[in-house]
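Each remark here refers to the structure printed beneath this line.
Everything quoted here is computed from the prediction, not taken from an experiment. When reading the values below, keep in mind they use all heavy atoms of this one structure, side chains included, and skip hydrogens, waters and symmetry mates. A note on names: the letters A, B, ... follow the listed sequences, proteins ahead of strands, and every chain is numbered from 1.
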Number of protein chains: 2
Amino acid sequence: MSEPRTQDLSEPPADAPKPARGGKSSPTIYDIAKLAGVNPSTVSRALSKPGRVSAKTQKLIEDAAAQLEYRVNPFARALPTGRTNTLALIVADITNPTFFGIIRGAEATATARDYTMMLAESAESPDTELTAARRMLATVDGIILASPRMEDTRILELAREKPVVVINRQVEGVPSVVPDVNKGIGEAVRNLAANGHRKIAYVAGPPQSWMTARRWEGVKAACEWSHLECVQLPSTKPTVDGGRQVARDVVASGATAVMTYNDLLAIGLMQELQAAGMQVPDQISIVGFDDIFGADFTTPALTTIRSPMTDCGTEAATLLLDLLHGGGEAVPALQVETELVLRGSSGRLLAS
Amino acid sequence: MSEPRTQDLSEPPADAPKPARGGKSSPTIYDIAKLAGVNPSTVSRALSKPGRVSAKTQKLIEDAAAQLEYRVNPFARALPTGRTNTLALIVADITNPTFFGIIRGAEATATARDYTMMLAESAESPDTELTAARRMLATVDGIILASPRMEDTRILELAREKPVVVINRQVEGVPSVVPDVNKGIGEAVRNLAANGHRKIAYVAGPPQSWMTARRWEGVKAACEWSHLECVQLPSTKPTVDGGRQVARDVVASGATAVMTYNDLLAIGLMQELQAAGMQVPDQISIVGFDDIFGADFTTPALTTIRSPMTDCGTEAATLLLDLLHGGGEAVPALQVETELVLRGSSGRLLAS
DNA sequence: CTTCCTTTGTCAACCGGTTGCCAAAAATTG
DNA sequence: CAATTTTTGGCAACCGGTTGACAAAGGAAG
């Protein structure tokens, strides 16, 4: 009785006729109660409601729990309470480096506060996204949507069932974390103006991306302020390949500097322009967006406007967790700062 | 009674005094049973045990379920059965592109077979890894460990509780999926030999990585076969930065071609060598490993040995799901093929 | 030493499915 | 048409926690 440890390792297969579970079935609060000589409900309180039981009983129960290597059964807990200590994060594209920081930031925050994070991706499809969200809805306490592609209405539907925080988008009535693009864009445009550029092209992202509109607005405003001409060019898709395809339009536009919706577009664009014999940045300057992993692999390394994605992930998770614990009620819209990361792909325009 | 739909939408908030749940509480099998005029257990059978109830009753129940927009409560199901329809994937580093393919492949497979995937990362720490694994153990049906850093013993402990599949490593008695490096390495070494190289350096990865040893063995064997000299160089860490740091040793080694444990090392190495004024590939050829995202961003683009990581993820998930459904018992060790991806960073050695 | 107020532990119901056992109903067979 | 086998549906116990209501025990105040 006092030393059941080594025996336990061999007994269960013998005395439990149908273990059913993968291995040996784990101890329950009933086992602890028996060992500590108290009622199961007291055990439950000792382990989840701090201060509800006397210090003496508390210790008794904790020791028993430790001895049995007890771990709560999350399902048994979730069933009556609905609490799962799990968060869902849905990103538009797992392979898009933009999201790495978000994933990491959110994961770290969740783990630090004793939550587990479930990750799903929508592969850029609004339908897949909604399906994934619906599927996870039942098993998590809250959801973070990073750059969601679904309609506002759908997001609001989800938000009615469980707390939702969106990143890179703003939806009326839903808490959000969004990079404030203006600072970074302002720095970039001023820099380009100072380097002699007079016309800037902005290569847009997918129309359903909320962020591409914000960035274009930012570019337009900054250009007006600096008395620069600017023009928006559509892209087929926000990838390296999409960047290659838009190169022809960029040249045709007559702009000497390009800002793109994201770094992937910028990298593809640069590859294509260089392949066509153009010098970057001597003939054309390129500025990307996001400062993704790999942005400095290129030659020249990519100048880009960094959005602190890790912070976005951290902030979003914090926001969500605070909401779950009855914190801030005010449907906040957090902003994080962007900044220009000056590398080799932008610079002084040389007369050609 | 026959048209409770529109009423139901407004009633619950009214007649349920304590919704407790985030929104309105969802319908249960009891609601379905009432609506269909059968016993709850019959509903349960109709929805999970195909063929156990008559076609007529089945339809009755399915219609009622559809009408109520019923969705099973995963916790209620998991509690008695232990089944969760959830898989855990633990990777060493979320930001390391090597794992993107694994994540995506595993996620897609899981989703296709109606499982949800939970993702965790260990940040390269054996302890964090074990903690994460233990935490998820209770809530998932099985675990995929991608490039695990923990000891064999620990992996075996986990495997005793729930089915485990490892990627990029082999552990006695645990099913695994591992790229067969020899084909790709053979192609690479033959190509280097044909281009006039006589001495090859291999930049190793972290000592606790099972894979770095396999790759070195492969390089050594292929070099012997092609009568090339080869030497192994340690690195501080398997990142771009680690690659930069090892550049000096590479030059000192006198090798004219370098193969690295992974692409990140190769990219860092190339950056540093180019910064020091060396021509790639004219003076030194560089071959990476994995063909990660961004491997073609560099100038010249990186020659590398591609491991089909997406396949690894797919295979691992398939293996695990088959195990869970009582499939293959034989503790398989799957191999996936590697291949040389010839780009610009390797080529003919020019006399200097 | 009462009386009253806290603190602490127990009882029992409940969360929402699953499943073994049994009996009623239906189908098959003689 | 009765006897037997197979289907099919119902009953009730159970999974492992949580929690409201309540009573016993302990402490403070008078």
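- Partners of A/Ala120 according to the side chain to side chain contact (heavy atoms under 4.5 Å, CB included) rule, which considers only residues two or more places apart in sequence or in another chain, are A/Ile90, A/Ala132, A/Met136, B/Glu107.
- Separating the CG atom of A/Asp31 from the C1' atom of D/dG16 is a distance of 10 Å, rounded to the nearest angstrom.
- The aromatic rings of A/Phe100 and B/Phe100 sit tilted relative to each other, their planes meeting at an angle between 30° and 60°.
- Donor-acceptor pairing under 3.5 Å is recorded for the side chains of B/Arg135 and A/Thr116.
- Between the CD1 atom of B/Ile32 and the P atom of C/dT18 there is a distance of 11 Å, rounded to whole Å.
- In this structure, CG of B/Leu79 is placed 14 Å from P of D/dC14, rounded to the nearest angstrom.
- The side chain of A/Thr28 lies closest to D/dG16 when the candidates are D/dT18, C/dT18, D/dG16.
- Listed by first then second residue, pairs satisfying salt bridge (charged side-chain N to carboxylate O under 4.0 Å, His left out) with a partner in residues 39-62 of chain B read B/Lys59-B/Asp63, not counting sequence neighbours.
- B/Lys162 places a side-chain N or O within donor-acceptor distance of the main-chain N or O of B/Val140, the cut-off being under 3.5 Å.
- When the C1' atom of C/dT19 is taken as reference, atom CG of B/Leu47 falls 15 Å away, rounded to whole Å.
- Following rounding to the nearest Å, B/Phe75 (CZ) and C/dT18 (P) show an atom-to-atom distance of 14 Å.
- Here salt bridge (charged side-chain N to carboxylate O under 4.0 Å, His left out) pairs that include residues 85-94 of chain B, with residues two or more places apart or in two chains, are A/Arg104-B/Asp93.
- Under a 3.5 Å cut-off, the side chain of B/Glu121 and the backbone N or O of B/Val91 do not form any donor-acceptor pair.
- From one end of the helix from C/dC1-D/dG30 to C/dG30-D/dC1 to the other, with five pairs defining each end axis, the axis direction shifts by 30° (rounded to 10°).
- Contacts of B/Ala64 classified as side chain to side chain contact (heavy atoms under 4.5 Å, CB included), with partners at least two apart in sequence or in another chain: B/Ile32, B/Leu35, B/Ala36.
- For A/Asn73 and C/dC15, the CG to P distance is 18 Å, given to the nearest whole Å.
- At whole-Å resolution of the value, CG in B/Asn85 and C1' in C/dG17 are 14 Å apart.
- Within residues 136-143 of chain B, no residue is approached by DNA chain D to less than 4.0 Å at the level of any non-hydrogen atom.
- For B/Lys34, there are no salt bridge (Lys or Arg N to Asp or Glu O under 4.0 Å) partners two or more places apart in sequence or in a different chain.
- There is a side-chain donor-acceptor pair under 3.5 Å between A/Asn39 and A/Ser41.
- Residue B/Ser44 has a polar side-chain atom (N or O) positioned under 4.0 Å from OP1 or OP2 of C/dT18.
- The shortest distance between the side-chain N/O atoms of B/Lys49 and the OP1/OP2 oxygens of C/dT19 is below 4.0 Å.
- Partners of B/Thr111 by side chain to side chain donor-acceptor pair (under 3.5 Å), not counting sequence neighbours: none found.
- Within the structure, every pair that satisfies the side chain to side chain donor-acceptor pair (under 3.5 Å) test and touches residues 138-155 of chain B, not counting sequence neighbours, is listed here: B/Thr84-B/Asp141, B/Glu124-B/Arg149, B/Ser147-B/Asn168, B/Asp152-B/Arg169, B/Arg154-B/Glu157.
- At whole-Å resolution of the value, NZ in A/Lys59 and C1' in C/dG9 are 20 Å apart.
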For nucleotides 6-13 of chain D, give me every protein contact, N/O to N/O, under 3.5 Å, one pair per line with atom names.
residue	atom	partner	partner atom	Å
D/dG9	OP1	B/Ser54	OG	3.1
D/dG9	OP1	B/Thr57	OG1	2.1
D/dG9	OP2	B/Ser54	N	3.2
D/dG9	N7	B/Arg52	NH1	3.3
D/dG9	O6	B/Arg52	NH2	2.8
D/dG10	OP2	B/Asn39	N	2.6
D/dG10	OP2	B/Thr42	OG1	2.6
D/dG10	O6	B/Arg45	NH1	3.1
D/dG10	O6	B/Arg45	NH2	2.8
D/dC11	OP2	B/Asn39	ND2	2.8
D/dC11	N4	B/Ser41	OG	3.3

Dump every N/O contact between nucleotides 25-27 of chain C and the protein below 3.5 Å, one line per pair.
none

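- In this structure the side chain of B/Pro74 never reaches within 4.5 angstrom of the side chain of B/Asn85, judged on heavy atoms.
- The side chain to side chain donor-acceptor pair (under 3.5 Å) search around A/Ser54 returns A/Thr57, not counting sequence neighbours.
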